[in-house]
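Just dropping this structure here.
What you see below is based on every heavy atom in this structure, not just the backbone, and it leaves out hydrogens, waters and symmetry mates. Just so you know, residue 1 is the first one in the sequence shown, and it goes up from there. Just so you know, ligand 1 is whichever comes first in the structure, and atom 1 is the first atom listed for that ligand.
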Amino acid sequence: MPLKGKKIILGISGGIAAYKIPLLVRLLKKNGAEVRVMTTPSALDFVTPVTLATLSQNPVATAFIKKEGGMWNNHVEWGNWADLILIAPATANTLSKMANGQADNFLLAVYMSAKCPVYIAPAMDLDMYAHPATLNNLKKLKSYGNKIIPAVNGELASGLTGPGRMEEPENLFEIIQKHFEKGSLSGKKVLVTAGPTYEAIDPVRFIGNHSSGKMGIAIAEEAAKLGADVHLVLGPTSLTPDNPAIKITRVTSAEEMFEAVTKEFPTADITVMSAAVADFTPQKKATHKIKKEGDTLELELTKTKDILYELGRQKKEDQILVGFAMETQNELENALKKLKKKNLDMIVLNSLNEKNAGFKHDTNKVTIIHKEGKIKKYPLKSKREVAEDLFYEILTHYDA
Ligand code: CTP
């Protein structure tokens with residue numbers, strides 16, 4: 001039962017399709033989900049709290065303040081509680097308020113506090129649904145990462161026929177079930193790189209960096225948890241992922257990483273390049289240990305291939321490419337430059353100036369930048385949590 005124990009909030013706004021939501025509550029409950037229902041004030045013209053409370057086995061929130069005793073419904077607690085929120089039916093008015101950040105009822109405040117995926121099933125008369133204002137609001141809501149369940153064709157309450165009917169409750173149930181079914185990356189191939197690269201000077205010495213691979217390994221683990229088929233190209237580090245399902249190609253140098261990554265990339269749906277690839281490699285690698293003959297030793301270095309740049313060049317439209325940027329100055333500006341130059345969908349900026357973040361630490365403090373310009377700064381978190389945030393951003397912004 002994929003829905004067992006899942007916490008689902010149904011938000012009902014004031015449209016005639018509200019009468020169908022009790023059936024959805026029943027379906028969800030029968031399949032083991034925990035359900036809370038919230039309504040806008042006008043939804044109560046169409047459906048009663050008693051019906052919804054009885055079926056959901058939870059009190060229904062219809063306003064900020066509970067009538068009896070002056071207690072208040074805590075929208076932040078609701079926003080944190082849910083694994084998924086569905087707003088159905090979503091009227092033109094509620095859509096508009098959601099798109100514009102209005103929070104003048106409890107449902108809207110919960111929506112704005114939500115930490116989970118939000119699905120929206122609009123329902124209204126066909127002309128309202130086709131109005132440019134509604135279309136713009138839906139576009140905006142989609143760009144915020146919400147999932148829109150388009151209204152369907154059919155008979156409308158006005159007597160007209162056309163698109164505007166809320167998707168049937170059985171289908172809404174199926175969409176929710178699918179969301180939780182096998183993990184949201186099921187059937188997808190995720191390619192991750194992690195760790196440093198070592199560039200040999202001679203058989204004993206190398207040029208390397210301080211990367212431990214912890215961040216990339218956490219990303220690979222999270223992708224596997226979400227059901228993806230994960231391929232990890234791992235530079236020299238003593239760490240390995242715990243999950244045996246993750247396929248690993250071990251490499252040492254930037255050149256080897258390039259070979260391994262470009263081999264897997266054409267079939268990858270999502271690629272996250274978190275490895276700290278050496279930018280330069282000794283031009284000549286001595287076959288024998290270099291003896292310390294003089295007082296100085298000159299090494300001539302040549303540039304390695306920029307793997308991510310090459311992937312950005314090869315990237316097809318349905319592939320998602322994520323890079324990392326490690327900066328010490330003009331951080332945002334440099335990260336944005338890399339995002340553009342390397343044709344990325346997203347870049348994760350981590351700064352070496354942050355305490356407990358970056359190389360070797362178990363924690364990291366990142367800023368995620370999307371190609372369309374959205375910038376999200378996060379507090380210091382465990383690398384596992386950063387990996388969760390990363391996939392949350394991918395799954396809510398792109399059709400992965
Ligand atoms: N990268 C890569 N191949 C390289 C160097 C970097 O694929 N030869 C990738 C890294 O894995 C990372 C991104 O490019 O995802 C940015 O790496 P970073 O070292 O921050 O930037 P560089 O492009 O190397 O530029 P600079 O060192 O000048 O900041």
Can you tell me if Lys303 contacts ligand 1 (heavy atom of the residue under 4.0 Å from the ligand)? no

Please state which part of Asp306 comes within less than 4.0 Å of ligand 1, counting heavy atoms only: side chain, backbone, both or neither. both

Has Lys305 got any heavy atom lying under 4.0 angstrom from an atom of ligand 1? yes

Should the pair Asp83-Lys7 be classified as a salt bridge under the 4.0 Å nitrogen-to-oxygen rule? no

Distance filter under 4.0 Å to Gly323 heavy atoms, resulting ligand 1 atoms: 15 (O)

In terms of ring plane angle, is the pair Phe206 and Tyr198 parallel, tilted or perpendicular, where the classes change at 30° and 60°? parallel

Distance filter under 4.0 Å to Met326 heavy atoms, resulting ligand 1 atoms: 20 (O)

At what distance is the nearest protein heavy atom to atom 3 (N) of ligand 1, and which residue and atom is it? Ile307 N, 3.0 Å

Considering the heavy atoms of Ala325, write down every atom of ligand 1 situated less than 4.0 Å from one of them. 20 (O)

Taking heavy atoms and a distance under 4.0 Å, where does Asp279 meet ligand 1: side chain, backbone, both or neither? side chain

By number and element, which atoms of ligand 1 are closer than 4.0 Å to a non-hydrogen atom of Thr304? 8 (N)

Closest protein heavy atom to atom 15 (O) of ligand 1, given as residue, atom name and distance to 0.1 Å: Met273 O, 2.7 Å

Tyr119 versus His179, side-chain donor and acceptor atoms under 3.5 Å: yes

Give the residue, atom name and distance (to 0.1 Å) of the protein heavy atom nearest atom 12 (C) of ligand 1. Phe324 O, 3.0 Å

Within a distance of under 4.0 Å, is there any protein heavy atom near atom 25 (O) of ligand 1? yes

Does a side chain donor of either Asn364 or Lys214 reach within less than 3.5 Å of an acceptor in the other side chain? no

Looking only at distances, can you tell me whether any N or O atom of Leu308, backbone or side chain, sits closer than 3.5 Å to an N or O atom of ligand 1? yes

List the closest protein heavy-atom neighbour of atom 10 (C) of ligand 1: residue, atom name, distance to the nearest 0.1 Å. Ala275 O, 3.5 Å

Considering only heavy atoms from C-beta outward, does the side chain of Leu301 approach that of Thr281 to under 4.5 Å? no

Got a second to check how far Ile369's CD1 is from Lys338's NZ, nearest 0.5 Å? 10.5 Å

Any chance you could lay out the side-chain contact (heavy atoms from CB on, under 4.5 Å) test for Thr54 and Leu52, step after step, and finish with the verdict? CA-CA 5 Å; Thr54 309; Leu52 296 163; over 6 Å; no

Think Lys305 forms a cation-pi with Phe258, using NZ or CZ under 6.0 Å from the six-ring centre and within 45 degrees of its axis? yes

Of the backbone atoms (N, CA, C, O) and the side-chain heavy atoms from C-beta on, which set of Lys338 has a member under 4.0 Å from an atom of ligand 1: side chain, backbone, both, or neither? side chain

Geometric class of the His75/Trp72 ring pair [parallel <30°, tilted 30-60°, perpendicular >60°]: perpendicular

Tell me, which protein residue and heavy-atom name are nearest atom 23 (O) of ligand 1, and how many Å apart are they? Lys342 NZ, 2.5 Å

Considering only NZ, NE, NH1 and NH2 on the basic side and carboxylate oxygens on the acidic side, decide whether Lys374 and Glu393 come within less than 4.0 Å. yes

